[in-house]
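Computed from a predicted model, the values in this text were never measured in an experiment. To find a chain, count down the sequence lines: A is the first, B the second, and so on, and within it residues start at 1.
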There are 2 protein chains.
Amino acid sequence: MSLRHILLGILSEPQSGYDIKNRFAQSLQHFWRAELSQIYPLLQKMENEGLLTSKELASSIGPPRRVYKRAAKGRRELLAWLAGGPKLGEERIAYLAQVYFLGNLRNPDQAIKFMQDLRDHMAEWLKSLEAAEGKWRTHDRRYPDDLPDDEFFAQLTLSLGLKKVKANVDWCDESIKRIRTRKLAESKSAKIA
Amino acid sequence: MSLRHILLGILSEPQSGYDIKNRFAQSLQHFWRAELSQIYPLLQKMENEGLLTSKELASSIGPPRRVYKRAAKGRRELLAWLAGGPKLGEERIAYLAQVYFLGNLRNPDQAIKFMQDLRDHMAEWLKSLEAAEGKWRTHDRRYPDDLPDDEFFAQLTLSLGLKKVKANVDWCDESIKRIRTRKLAESKSAKIA
DNA sequence: TGTTCCATGTAATAAGTTACATGATTTA
DNA sequence: TAAATCATGTAACTTATTACATGGAACA
């Protein structure tokens, strides 16, 4: 039920479905994803429910755009979501489910490969977050604590992102070592037996 | 598409839908959740697809249980999922979406309250993870690196959980301070103006 | 005697994914 | 001239949630 609230959050300024998709690509995708084919019908539905208003605008580059903005009712629903306190216990992290079952792989090298692959992705992700932060810092001297409200809270999520992705990289390194050590211990006990 | 793979992972040993729900409550729920009303029909469907087999067992305490176990075909599908490498980019963390939009709250005290609430939940979660670890360590001297494969990889997810939840608590503390500082700066500039 | 636990499910609805369809404009 | 970007959508399908239905055993 969160996508509708995310749309309400984004639509303090008028934007098209396409704009929203780009907003996901920039920042939101780190904790929620959505396809255009989900966004477009939902915008229409929410307009019918009186949460949004829309108008069609001609565009210089390409087809006309339908831009949506939240209505007063939409703003109230957003505030109710926030006032309801943090929604915990709904996390989904597919790669951890995979790690949980890595023991099913017969050869420990496969588990090591999986963790190295994960490590590489996390390190790359960390790089991109650090680059985003660096750019933001150099382009806006208000960064990070004098930013306007909406950007400040987006920065908070970036700052947690950095911490968590770093923790992930460290954990991957540790885990790979631990799997290697087990592998050695196993081959020794096999020789003894 | 991950629940079917999680079921395949769990069902190396025969278990009922109810057992699976309990398994979620113990550990899996930290990265994936599932309701019984999703589990039961999916087990049936996967049996029809030849991924699982089942049989009904009488129980001493309560109604008869239908226990499922993965078939050879199910095991192959699980291995293919793991061999496909880590599934990234599908994370869902609703509370971060909320933080992202906290700027919509007019009064900074509301944002502080939200973050304190989040902090409390994270601290409680951390306690429960530490308790789980302590219990495991005292009850099994093989903990953590000499555990059998399946438990070892489950322990890896616990060890990441500890790191991440700690990072979350720290980040909440930092964030609350930062919001407080902004609030003070704002009230000063209001006086000057 | 009421609540929790054990145990299985169905029905209705909502949310989300994948594939398809269209067409202009800009860049390589 | 092929690909990418801009822009909007529909159709078919899968996945997930909420509500409902049943009933015995244990516990407080």
Please produce a list of atom pairs where a protein N or O lies less than 3.5 Å from an N or O of nucleotides 18-22 of chain D.
| residue | atom | partner | partner atom | Å |
| --- | --- | --- | --- | --- |
| dT18(D) | O4 | Ser37(B) | OG | 2.6 |

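For the pair Ser12(A)/Arg70(A), a side-chain contact is recorded, criterion being any heavy-atom separation below 4.5 Å from C-beta on.
Applying the ring pair (Phe, Tyr, Trp, His ring centres under 6.0 Å) rule to pairs touching residues 120-150 of chain A yields His30(A)-Trp125(A), Trp136(A)-Tyr143(A), sequence neighbours excluded.
With hydrogens and angles left out, the side-chain atoms of Ser159(B) and Trp171(A) include a donor and acceptor closer than 3.5 Å. Between the side chains of Ser54(B) and Arg66(B), at least one donor N or O sits under 3.5 Å from an acceptor N or O. For the residue pair Gln155(B) and Arg178(A), a side-chain donor N or O sits within less than 3.5 Å of a side-chain acceptor on the partner.
The distance from atom NZ of Lys55(A) to atom P of dT8(D) is 15 Å, rounded to the nearest whole Å. Leu42(B) places its CG atom 9 Å from the C1' atom of dT15(D), with the value rounded to the nearest Å. Taking atom CD1 on Ile20(B) and atom P on dA7(C), their separation rounds to 13 Å, with Å as the unit. One interatomic measurement links the two molecules: CZ of Arg65(A) to P of dA24(C), which rounds to 19 Å at whole-angstrom precision. Rounded to whole Å, the distance from CD on Glu47(A) to P on dT8(D) is 13 Å. Counting to the nearest Å, the C1' atom of dT8(D) and the CG atom of Leu36(A) are 9 Å from each other. Here dT14(D) presents its P atom at 6 Å from NZ of Lys45(B), a figure rounded to the nearest Å. Distance Gln29(B) CD to dT17(D) P: 13 Å, rounded to the nearest Å.
By the 30° and 60° cut-offs, the orientation of the rings of His5(A) relative to Trp81(A) is parallel.
To the nearest 0.5 angstrom, Leu36(A) atom CG is 5.0 Å from Tyr40(A) atom OH.
Closest contact between the side chain of Tyr18(A) and the listed nucleotides dT8(D), dA16(D), dA7(C) involves dT8(D).
Figure legend: Lys21(B) and Phe24(B) shown without cation-pi pairing, the cationic atom not lying both under 6.0 angstrom from the six-membered ring centre and within 45 degrees of its axis.
Between its opening and closing five pairs, the helix from dT1(C)-dA28(D) to dA28(C)-dT1(D) changes axis direction by 40°, a value rounded to 10 degrees.
For the salt bridge (Lys or Arg N to Asp or Glu O under 4.0 Å) test with Arg182(A), the passing option among Asp149(B), Asp145(B), Asp146(B) is Asp149(B); the others fail.
Toward the 5′ end of DNA chain C lies the nearest nucleotide of Tyr68(B), the other residue of the pair Trp32(A) and Tyr68(B) mapping further downstream.
Proximity of Arg92(B) to the phosphate of dG16(C): a side-chain N or O atom is located under 4.0 Å from OP1 or OP2.
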